[in-house]
Amino acid sequence: VQLQASGGGLVQPGGSLRLSCAASGFTLDDSDIGWFRQAPGKEREGVACSMSIGGTTFYADSVAGRFTISTDNVRNTAYLQMNDLKPEDTGVYYCATDFPPGHGTTWYENCGPFGSWGQGTQVTVSS
């Protein structure tokens, strides 16, 4: 199981970024997918997730209406579209999956438990 996150960078407030999470070794369509972030000096927090059953999505209150999680089953890649970015969105963003079953310990809303993590991609929102 491998997750490769990419797409981070430096963006001005109000700008947009799209993060990608390329999966290999398993099928995204059969798995819950989550995006988490960790700001300097803070604990990791859940940002968004998508359940494999029913495709239900959940978002943190701080990003609802600005971020959108999606998956491309042909490319086996998950995305996090981030619009209207704010300085408080700065941090390292990680994607995660609940595959293989029984491996994870981290829940976000009704998604998980997540146990396989990508390497993280840095997002910096600054003027």
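Note that the structure is a prediction, hence the values are computed from the model and not measured.
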Query raised in the report: Are a donor atom and an acceptor atom from the side chains of D30 and S52 found within less than 3.5 Å of each other?
Result: no

Side chains of residues 119-127: which donor-acceptor partners sit under 3.5 Å, not counting sequence neighbours?
unit_1: Q119; atom_1: OE1; unit_2: A5; atom_2: N; d: 3.1
unit_1: Q119; atom_1: NE2; unit_2: A5; atom_2: O; d: 2.7
unit_1: T121; atom_1: OG1; unit_2: G8; atom_2: N; d: 3.0
unit_1: Q122; atom_1: NE2; unit_2: T124; atom_2: OG1; d: 3.3

Show me the donor-acceptor pairs within less than 3.5 Å that the side chains of residues 92-100 make with the rest of the protein, sequence neighbours left out.
unit_1: Y93; atom_1: OH; unit_2: R37; atom_2: NH1; d: 2.9
unit_1: Y93; atom_1: OH; unit_2: D89; atom_2: O; d: 2.6
unit_1: T97; atom_1: OG1; unit_2: D32; atom_2: O; d: 3.4
unit_1: T97; atom_1: OG1; unit_2: F99; atom_2: N; d: 3.1
unit_1: D98; atom_1: OD1; unit_2: D32; atom_2: N; d: 3.0

Query - Value rounded to 0.5 Å, distance of CG in N83 from CZ in R66 - result: 9.0 Å

Query raised in the report: Are Y79 and V63 co-members of a hydrophobic cluster defined by side-chain heavy atoms under 4.5 Å apart?
Result: no

Requested in this report: Enumerate the residue pairs fulfilling side-chain hydrogen bond (donor to acceptor under 3.5 Å, both in side chains) with a member in residues 3-14, sequence neighbours excluded, ordered by first and then second residue.
Outcome: none

Query raised in the report: Shortest non-hydrogen contact from W107 to P113?
Result: CZ2-CD, 3.4 Å

Query raised in the report: Which heavy atom in C21 sits nearest to a heavy atom in L28, and how many Å separate them?
Result: O-CD1, 4.4 Å

Query raised in the report: When clusters are formed by joining ILVMFWY residues with side-chain heavy atoms under 4.5 Å apart, either directly or through shared neighbours, do W35 and V11 land in the same one?
Result: yes

Requested in this report: Taking N76 for its side chain and F26 for its backbone only, find out whether a donor-acceptor pair lies under 3.5 Å.
Outcome: yes

**Report entry** Sidechain-backbone polar pair: T77 side chain, R75 backbone, donor-acceptor under 3.5 Å
**Finding:** yes

Report summary line: CG of N110 to OG of S50, rounded to nearest 0.5 Å, is 12.0 Å

Query - Backbone of A60 reached by a side-chain donor or acceptor of Y108 within 3.5 Å - result: yes

Requested in this report: Using the test side chain to side chain contact (heavy atoms under 4.5 Å, CB included), find all partners of A48 that sit at least two apart in sequence or belong to another chain.
Outcome: Y59, I69, L80

Report summary line: On a heavy-atom basis, the closest approach of F114 and C49 is CZ-CB, 4.2 Å

Requested in this report: With sequence neighbours excluded, tell me which residues meet side chain to side chain contact (heavy atoms under 4.5 Å, CB included) with R44.
Outcome: F36, Q38, T106, W117

Query raised in the report: Of all residues at least two apart in sequence or in a different chain, which pass the side chain to side chain contact (heavy atoms under 4.5 Å, CB included) check with D29?
Result: T27, N73

Query raised in the report: With a 4.5 Å limit on heavy-atom distance, are the side chains of E88 and S62 in contact?
Result: no

**Report entry** Heavy-atom check, side chain of E109 versus side chain of M51, under 4.5 Å
**Finding:** no

Query raised in the report: After noting the C-alpha distance and the side-chain angles of M82 and S16, does the key distance pass the side-chain contact (heavy atoms from CB on, under 4.5 Å) rule?
Result: CA-CA 5 Å; M82 306 186 296; S16 298; over 6 Å; no

Query raised in the report: So how far is it from R18 CZ to T68 OG1, rounded to the nearest 0.5 Å?
Result: 11.5 Å

Report task. Please test D84 against F67 for side-chain contact (heavy atoms from CB on, under 4.5 Å), starting from the C-alpha separation and ending with a verdict. Result -> CA-CA 9 Å; D84 190 23; F67 290 12; over 6 Å; no

